[in-house]
Amino acid sequence: MSDLLKTMSTLSAAEEFLDYFQIPYDQPVINVNRLHILKRFNQYLRATPGTAEMDDDTLRSVCRDALGKAYSDFVSSTPAQEKVFKVFQDTDGKQHISLDSMRSALPSR
């Protein structure tokens, strides 16, 4: 495992990744979107061919670009619009619950 991947495996919070790759960020954006940003970062990395063969310097640059792009996605958009997680993909941003199903879930008086 490369030194970069070893270091990245010790990071867990979105702020840690952004700090490590020296990407400036606004804390309120992170507070609302941290999981979405990290998931999108992972999606961008998986969509980049040849990352397994890259040297640390090249991979660091690719990771920095991917994380910067993932963060930018949520600066001017919302999780529902970006649809990173399955719950947003399945409902197309709209959740429909019938009144009957809500009534049946409530305890009777």
Side-chain angles (χ1 to χ4, degrees):
M1 182 183 281
S2 74
D3 290 338
L4 175 63
L5 295 177
K6 286 179 188 174
T7 301
M8 285 177 60
S9 71
T10 66
L11 307 176
S12 60
E15 293 91 339
E16 292 175 349
F17 281 92
L18 291 160
D19 288 340
Y20 180 77
F21 289 108
Q22 299 178 341
I23 297 171
Y25 59 90
D26 290 327
Q27 192 64 49
V29 173
I30 300 301
N31 291 345
V32 174
N33 301 298
R34 70 180 65 248
L35 295 177
H36 300 277
I37 292 167
L38 292 177
K39 174 79 171 182
R40 178 63 56 87
F41 172 48
N42 184 47
Q43 289 172 339
Y44 285 150
L45 287 181
R46 288 183 180 273
T48 304
T51 54
E53 295 81 31
M54 292 179 185
D55 61 76
D56 274 3
D57 290 336
T58 304
L59 184 57
R60 182 175 283 109
S61 177
V62 167
C63 287
R64 186 179 196 289
D65 291 345
L67 182 57
K69 186 176 177 189
Y71 171 76
S72 294
D73 288 349
F74 293 94
V75 169
S76 60
S77 189
T78 66
Q81 290 170 322
E82 293 298 321
K83 300 181 189 320
V84 174
F85 287 100
K86 188 171 179 1
V87 65
F88 291 115
Q89 295 165 5
D90 289 348
T91 62
D92 196 29
K94 300 173 187 166
Q95 189 171 11
H96 301 280
I97 301 172
S98 73
L99 188 55
D100 289 334
S101 68
M102 287 177 57
R103 283 185 183 129
S104 67
L106 293 173
S108 60
R109 293 184 193 228

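Here, residue 1 is the first one in the sequence, and each next residue gets the next number. These numbers come from a predicted model, not from an experiment.
- Residue-environment remark: CD (Gln22) stays at or below the threshold of 12 foreign heavy atoms within 6.0 Å.
- Smallest separation of non-hydrogen atoms from Glu15 and Asn31: OE2-OD1, 4.4 Å.
- Between Phe21 and Phe41, the angle of the ring planes goes over 60°, which puts this pair in the perpendicular group of the 30/60° scheme.
- Nearest heavy-atom pair, Ile30 versus Ala14, reported as atom, atom and distance to 0.1 Å: CG2-CB, 4.1 Å.
- In this structure, the side chains of Phe17 and Arg34 stay at 4.5 Å or more apart for every pair of heavy atoms.
- Side chains of Lys69 and Arg40 form no contact here, defined as non-hydrogen atoms less than 4.5 Å apart.
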What pairs of donor and acceptor atoms, side-chain ones from residues 47-56 against any protein atom, are under 3.5 angstrom apart with sequence neighbours left out?
unit_1, atom_1, unit_2, atom_2, d
Thr48, OG1, Tyr44, O, 2.8
Asp55, OD1, Asp57, N, 3.0
Asp55, OD1, Thr58, N, 3.0
Asp55, OD1, Thr58, OG1, 3.3
Asp55, OD2, Thr58, OG1, 3.1
Asp56, OD1, Ser2, OG, 3.0
Asp56, OD2, Asp3, N, 3.4
Asp56, OD2, Leu4, N, 3.2

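- For Arg46 and Gln43, the side-chain atoms include no donor-acceptor pair closer than 3.5 Å.
- The shortest side-chain heavy-atom distance between Leu59 and Leu5 falls under the 4.5 Å cut-off.
- How far CG of Asn33 is from OH of Tyr25: 14.0 Å, rounded to the nearest 0.5 Å.
- The shortest heavy-atom contact between Leu38 and Ala13 is CD1-C, 4.4 Å.
- Partners of Ser61 according to the side-chain contact (heavy atoms from CB on, under 4.5 Å) rule, which considers only residues two or more places apart in sequence or in another chain, are Asp65.
- Of all the heavy atoms in Gly68 and Ile23, the pair that sits closest is N-CD1, 3.5 Å.
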